[in-house]
Amino acid sequence: MSNHCPDSSRRRFLGLAAALPFAGILSARMAFAQHFPAKLCNNCGFGSKKDNCAKCGKWMGNTKMPARLCGDHGFGSKGDNCVVCGKWVGSAKIPAMIGNCCGFGSKKDNCVICGKWAP
C-alpha cells in the first residue's frame with residue numbers, strides 16, 4: 001500500500017482554485033474615472049458671453065475654472081455639444097468655464113449638466 005494520501009491532490013487543487021479569483025484581481029488593470037472638458041459653441045462663447053458661468057450664467061470675473069462633464073454627458077458625440085444651449089460645437093470648441101459661484105470647493109469637480117462627480 002502506498003503512503004500517498006488520496007486527499008492531498010484534492011486539497012492542493014481546492015487550495016489553488018480558491019486562490020484563482022484573487023490572482024485575477026492582482027493581475028487586472030487599475031480602473032480609473034475620467035472627465036471630459038466642457039465646450040461652448042460659437043454663439044455661446046462669443047463676446048462677453050464667454051465671461052459668464054456655463055452653469056448659472058452669472059458673470060465670473062477673474063475666478064474662472066474649467067468646466068467638466070461626467071462620462072454620461074461627455075462620452076462620444078455628446079461631448080461635442082455646447083453645455084449652455086446643447087447645439088453642436090463644430091470646430092469652435094471654446095472651453096467652457098465656471099465661476100466661483102458654481103465651482104467653489106469640491107463643486108468644481110462636478111459635471112456642469114447633471115452635477116455628478118466627474119473626477
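For the single chain, residues carry numbers from 1 onward in sequence order.
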Taking all non-hydrogen atoms of both residues, which atom of [X] and which atom of [Y] are closest, and how far apart?
X   : Y   : answer
D51 : W59 : O-CD1, 3.6 Å
W88 : D80 : CD1-O, 3.4 Å
C82 : C41 : SG-N, 3.5 Å

Original post:
With a cut-off of 6.0 Å (strictly less than), are more than 12 heavy atoms of other residues, nucleotides or ligands near NZ of K87?
Top reply: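 No.
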Between [X] and [Y], is any pair of side-chain heavy atoms under 4.5 Å apart?
X   : Y   : value
P37 : P95 : no
M60 : M97 : yes
C44 : K49 : no
N52 : V84 : no

Would a hydrophobic clustering, with Ile, Leu, Val, Met, Phe, Trp and Tyr connected at side-chain separations under 4.5 Å, put [X] with [Y]?
X   : Y    : result
L40 : I113 : yes
F36 : V89  : no
L69 : F75  : yes

Original post:
Any chance the side chains of N100 and K64 put a donor and an acceptor closer than 3.5 Å?
Top reply: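 Note: N100 and K64 side chains miss the donor-acceptor criterion.
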Can any side-chain N or O of [X] pair as donor or acceptor with the backbone N or O of [Y] at less than 3.5 Å?
X    : Y   : answer
K50  : G47 : yes
K116 : C70 : no
K39  : N81 : no

Original post:
For the atom pair CD1 (I98) and NZ (K58), what is the distance rounded to the nearest 0.5 Å?
Top reply: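 I98 atom CD1 to K58 atom NZ measures 13.0 Å (nearest 0.5 Å).
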